[in-house]
Every structure is written in C-alpha cells, then in structure tokens.
K.L.:
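Okay, here's the structure, questions in a sec.
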Number of protein chains: 2
Amino acid sequence: MTTTIRDVAARAGVSVGTVSRVLSKNDTVKPRLREKVEQAVRDLNYKPNHLARAFRMSRSDVIGLIVPDITNPFFAELAKHVETVAAARGLFVMLANTHDDPLYEKQQIENLLERSPRGILVVSATDDQTAILETDIPIVAVDRQYARYPAIATDHEWSASLAALHLLENGHSHIAYIAGPEGTAVARARESGFRAGIEKGQADTGLAVRVETVRGAFDFATGEELGRELLQRPVGERPTAIATASDQQAIGVMRAARDLDLQVPQDLSVVGFDDIPLAGLVTPRLTTIRQSVAALAEAAIDAVLDPRPAGSHTQFPGRLIVRGSSGPVA
Amino acid sequence: MTTTIRDVAARAGVSVGTVSRVLSKNDTVKPRLREKVEQAVRDLNYKPNHLARAFRMSRSDVIGLIVPDITNPFFAELAKHVETVAAARGLFVMLANTHDDPLYEKQQIENLLERSPRGILVVSATDDQTAILETDIPIVAVDRQYARYPAIATDHEWSASLAALHLLENGHSHIAYIAGPEGTAVARARESGFRAGIEKGQADTGLAVRVETVRGAFDFATGEELGRELLQRPVGERPTAIATASDQQAIGVMRAARDLDLQVPQDLSVVGFDDIPLAGLVTPRLTTIRQSVAALAEAAIDAVLDPRPAGSHTQFPGRLIVRGSSGPVA
DNA sequence: TTGAAAGCGCTAACAT
DNA sequence: ATGTTAGCGCTTTCAA
C-alpha cells in the first residue's frame, strides 16, 4: 500500500496529529519531535495524498483559468505568466477554453466550480453583467470586466490614448482608427480612449485633426480589409496614420499597405495594441501598446488568494512601444 | 450546508448506497427507485462533490498537459485540441510549462503525479531516456518520445521527406536544410527524413542534387541568421531552395531574403515545418508541412484512457501544404 | 436488488 | 505541546 500519515506517525513514534501538524507546518511542534517526523518522512519516502487533503479541507491547490482561446497569442502569454506565478505559490492551473461562446463559458465556469478550485480567473468573452454565480470560491475577471466580479485589467482607455498622442506628436492630422467589435467592452474602452487622446492632444496643440473610425473583428483579416479600403483612396483623402484596437488588425493593415505599394512608415504610420510576439517580427516592427501581462497575472492570482470585494477594480497602465512602423508625417 | 448524497437518500427514501449507484450509473437499480433518486436530485439541486469522489476512488477527472512553453503556437494549438477532446470526455486539463528545462520538467511531472491525475501528456523538452517514474498513472509522450512511455507523434521523418520531394519536383538541385538543435530527437528525425527524401528523389530521377545542412535553434532569429549566411553568397554558390525544421526558422529565412532583395519564390523557395498560424499570414504565404494536431490530441487522450504498453508508438503522417513560398527553380 | 457499514487519508476539534 | 478521535462525502464490500 501507499504510505500514509499513520505509517509516518508509527515510525516516528508520535501521533498522526503531530505528523499532520508538521506537514502543514503552521503549527507549534517541538523541534525534537519535528525532527523525528521529518526523518520518518524521509525514511519512508512519504508523499502526502493531495486528494485526501483537498477533500478534507474542501479546497484544492488548483486555480482555474478560463480564456476565449488559448491559441490567441495574448491569452497564451497570459496563461504562461499565470502558470508561472501559480507555480511559485504552489498552485496548479486548470485551463479551459470557451471558444468565445458565452454559454459555453458559463458552463465551463460551473464545471470548474464543482471541482472546488482555490479560485477562478476568467477572461470573459461576454459583456453579460448578470452572471453572478452563487459560490464562495473567489472569481476574478482578468483583462476585462466580467459581471461584478473584482477585475484586474489593463487600463485600456488610458493606454489607447498613448497611441493617439504618439501620432499627434508625429504631426499626423488625418488619422484612421480601426476599432474592435462594438459588442466588447475592451474594444469600446480602447476606442474611446483613443478619441480622448486625440481630443487632449488637439486641446494642447491647437491643431485640428481629422479622425475617422471604422470597426470590425480583432483579427488579421479585418485589419487587412479595412486597411485596404482606407488606403485605396487618393493621396489627399488617405489617412497618414492608422491606429488599431489590436496588433493583428495592425499587421493586416501593414499587409494591405504593402499590397498597395505604400511604404510604412514613410507613407503611413501604423500603431497596434497588445504587443504580441509577432509585433516584433514583422517588417517594419510594429509600434504598439504593450500590456503588462506579468503584472496582470500576478495581481489576478493575488486577488484570488486574498479576495477583493465585488465591483473592485485594479488597473495597470499600458506602455507605448515605439518601433519602426510609425514616424513623422511625410 | 451543502447537500450530500445522504440528503438525497433521505429525500428519496432509499439508502446512500442506492443513490451512489444511480449517480455512478453503471449499476443495476430498479427503474422505480432510480426515478425517485433522480427526482430527489432535482428537488435538492444536488451537485456531487468531486473532491470526495476523487479521494475515495483515488483517481480524478483531470489530465495533466506538460509543454515546454505554451506561447509556442504549436503547443498552444495542441493545448487547445487537448482541452477540447478532454472536455468531450468529461476531463479537465491541468497545464504546466517546463520552460525547456529538463529538471523543471521532471519536477512538474512529479508535482502533477502527486495530485493523482487520470493521466499525463508530456511534450518533453529533453532526450533523457532514464526518466521512468514509478507510478501506475498513465503517462504518454506527445509529439516526440519521452523515455519509454508510449508515444503519440507525427512521423517527423517521413513528413520531412515530403518537403524534399516537393523541392526536387520543382527542379531544385542546390538545396540548403536548416536543421534544429542536435540535442533534440525531433530535429534529428526531421533532418534525416529530409535527407532520405532527397536520396529517394535522386534515385527516382537520376538527378544529382547538392544538399548542405546548417543547424541551430528552432527559432526565428536562427532562421534569419543562417538564412543570411546562405543567401549572401554569389548567385552560383547560393542555394535555390531552403527547407527548415520549423516554420519560425523558415519565416526568418524569408526575412533575410527580403533584406537581401531576393524574391520568394522566384529567387528562392522556402519550405517550413509545422504550419503555425503565422505561416498563412506572411507574404508570400509559407509552404510547409502540417502536423495533424487534432489527431495527435485525440490519440493522446485515448492513450491515457486506454493505456498502451511501454515503448508503443503511434505515428501520424504530416501533410505538405503548398503555398506561395515555393515554386519551380528559376 | 437494496441496505448497512466500513473506511479512503487527512485535519481539526477536543482532551490531556 | 501532543495525543485521541470524529468525521469530510463518497464508493464498495458484505449481508439480507
């Protein structure tokens, strides 16, 4: 049979209670006994039964991570950091994809909840505000709000304004913004932040700036398509800069520009959002807003371990990463 | 309190044993009683305690997935499919990264093992053959061998030969191959498969083909660097085609080619391996070998659920995906 | 076919 | 400070 706490107790000549105490280390056991127990553990190569412990304490050392799609580089990056931070805290990560389906998302959360995890991190695919589940397992929203759960997110609004300011500083006065889907709060926040940045910049400099906004999915194809429409126009009509709600869109725009024989950044400046790994690999490298994923991950796990009140909010600023895709207006 | 099986039993007027039997559905309970129990479950909104069940049966419904780095698009893709298949089987996935560190990998496997998962899938970062852990929890190697555990993998060798044949068919007679790190079995298999393909092609056509092999990491930077060295040479000396051990290397090569003002595929054909999402997004799109990740994931989970003998091997063929980066020799 | 009862390995009162 | 003991909720003998 597997060796249990009883065997250790017998070997060490102490009671199971004592063994349990030294194993969960938080208690007061005389060094003398502690030493004997530790020796017995070594002798027997005792491994605690986590299943039993979790059952008894009705609380496991697992935290759930729910993302729309792990193949999205941003979520993969997040998952990596979450996993790293979790490991440092002695926690394991259970991963679930929702495939951007609100119903499936809810289902997954419930499935996870039934397994009594220590907490759940959810990057929600939905704007549904009614999703409060009845449980005392801490749930925290990451990267965007989810119902009224405490949220750990990038300050999308403020961060997006950085892109606007950067373009203004480079003298652009005809700018297009490719927004994300209207249905998502993240897209709306980035868009309104971008506009706010423009307005602030205008107020500061007194310059008149023309901004036009188009909208579509966060993906590459959307960027390419909307980018082409914007860039096909004759020179005077054409924006000299395009900012987007995602790097993927921005990279799509760059492709459209190349197809139309426009030089980036000479003929067109492009600014993305997220700083996915690919952003540093395209030619020219993409200027973008980097989210501090490591900070998000750490804060999210801490929020699980040390629960926050509903409706609480922690925001992290994004950072402008200037690379080759943006520059002064020609 | 939470409602337990006892409450259900009381409500249904049966014993806990009976309730347990209908819940685990595999047993023979008279329809009459079964119905009463099911009604009681509904009335009470009873949710089974998975922790208790797992403890009692010393076996959970979790399967571990260990990958070198989830931000690698190939592993992310794999994780997604594994998660999907697992969900369909009522399993959850616990994710762990090893950061390509063999020691940490072993540690993670042991940590996972202590949690009594249903099984473990490992994409190993090491060639270490000595890693047989003592456990009766099924461990299966995915995408590459790991010790003597049953393996589910792409037939890297055969698949790589497809790239060679494709280039030969396009008339290339001076080809460079960028291999992966010598220390990894995957890299070696792809390389030897490529060479075998060349030899086979030569034998079939009677053509003499010059192949030179260089070697480096699987990453983008390596491809760019080695690609540049190969392509800087004067026209006669320069290969007309480069095949690589990874898409990332291939994309690096394409960048180097662009920097040197070489046209792909007119001046240079490029073939990668893996078919990561990015392969379809670069310009021109990358010809590559696609692994059947969905098949791998499904087979791997089935191998966990229905254990195979040590040393067993299941291989899936890769598929040549011809896109814009390769063509007839100029 | 069903009920009764014995634990799985651990933690946390409660005693001492 | 340490030992004793009663379960946590479930599955699974063993009887009936």
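Below, chain A is the first sequence line, B the second, and so on; all start at residue 1.
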K.L.:
So which nucleotide from C/dT2, C/dT11, D/dT12 ends up closest to the side chain of B/Leu33?
P.N.:
C/dT2

K.L.:
Assess whether a salt bridge exists between A/Glu298 and A/Arg89, defined as any Lys/Arg side-chain N lying under 4.0 Å from an Asp/Glu carboxylate O.
P.N.:
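A/Arg89 and A/Glu298: salt-bridged.
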
K.L.:
Send over the distance from B/Arg21 CZ to D/dC10 C1', rounded to a whole Å.
P.N.:
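It is 13 Å, rounded to the nearest whole Å.
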
K.L.:
Mapping B/Phe55 and B/Val14 to their closest nucleotides on DNA chain C, which lands nearer the 5' end?
P.N.:
B/Val14

K.L.:
Which part of the nucleic acid, if any, lies within reach of A/Leu23 when heavy atoms closer than 4.0 Å are counted: base, sugar-phosphate only, or nothing?
P.N.:
nothing

K.L.:
Report the distance from atom CZ of B/Arg53 to atom P of D/dT11, rounded to the nearest whole Å.
P.N.:
5 Å

K.L.:
How many Å lie between CG on A/Asp7 and P on C/dC8, as a whole number?
P.N.:
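Answer to the nearest Å: 11 Å.
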
K.L.:
Name the closest nucleotide to the B/Ala52 side chain, picking from D/dC10, D/dT11, C/dC10.
P.N.:
D/dC10

K.L.:
Could you pull out the closest heavy-atom pair between A/Asp275 and A/Arg290, with the gap in Å?
P.N.:
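Taking A/Asp275 first and A/Arg290 second, the nearest heavy atoms are OD2-NE, 2.7 Å.
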
K.L.:
Is the backbone of A/Ile70 close enough, under 3.5 Å, to the side chain of A/Asn97 for a donor and an acceptor to pair up by distance?
P.N.:
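At least one qualifying donor-acceptor pair exists.
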
K.L.:
Shortest non-hydrogen contact from B/Phe74 to B/Val293?
P.N.:
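What the structure gives for the nearest pair is CE1-CG2, 3.7 Å.
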
K.L.:
Can you check whether B/Thr2 has a side-chain N or O nearer than 4.0 Å to OP1 or OP2 of D/dG9?
P.N.:
yes

K.L.:
Please examine the side chains of A/Val19 and A/Val14, heavy atoms only from C-beta on, and report whether any two atoms are closer than 4.5 Å.
P.N.:
yes

K.L.:
Write down the distance between CZ (A/Arg6) and C1' (D/dT4), rounded to a whole number of angstrom.
P.N.:
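My rounded result for the distance is 11 Å.
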
K.L.:
Is the shortest side-chain N/O distance from A/Thr4 to OP1 or OP2 of C/dG9 below 4.0 Å?
P.N.:
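No, A/Thr4 has no side-chain N/O under 4.0 Å of OP1/OP2 on C/dG9.
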
K.L.:
May I ask you to check whether A/His156 and A/Gln291 show a side-chain donor-acceptor distance below 3.5 Å?
P.N.:
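No.
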
K.L.:
Please state how far atom CG in B/Leu51 lies from atom P in D/dT11, giving the value in whole angstrom units.
P.N.:
13 Å

K.L.:
Is the distance from OP1 or OP2 of D/dG3 to the nearest side-chain N or O of A/Ser15 less than 4.0 Å?
P.N.:
yes

K.L.:
For A/Arg118 and A/Asp61: C-alpha separation, side-chain torsions, deciding distance, then whether salt bridge (charged side-chain N to carboxylate O under 4.0 Å, His left out) applies.
P.N.:
CA-CA 6 Å; A/Arg118 191 63 162 283; A/Asp61 53 3; over 6 Å; no

K.L.:
Can you check the A/Lys25 NZ to C/dT11 P distance for me, whole Å?
P.N.:
12 Å

K.L.:
Is there a side-chain polar atom (N or O) of B/Thr18 under 4.0 Å from OP1 or OP2 of C/dG3?
P.N.:
yes

K.L.:
Once you round it to whole Å, what is the distance between P of D/dT13 and CE of B/Met57?
P.N.:
11 Å

K.L.:
Using whole Å, report how far CZ of B/Arg32 lies from C1' of C/dG3.
P.N.:
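Whole-Å distance recorded here is 17 Å.
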
K.L.:
Polar atom pairs between nucleotides 5-7 of chain C and protein, under 3.5 Å, N or O only, would you list them?
P.N.:
unit_1, atom_1, unit_2, atom_2, d
C/dG7, N2, B/Arg56, NH1, 2.9

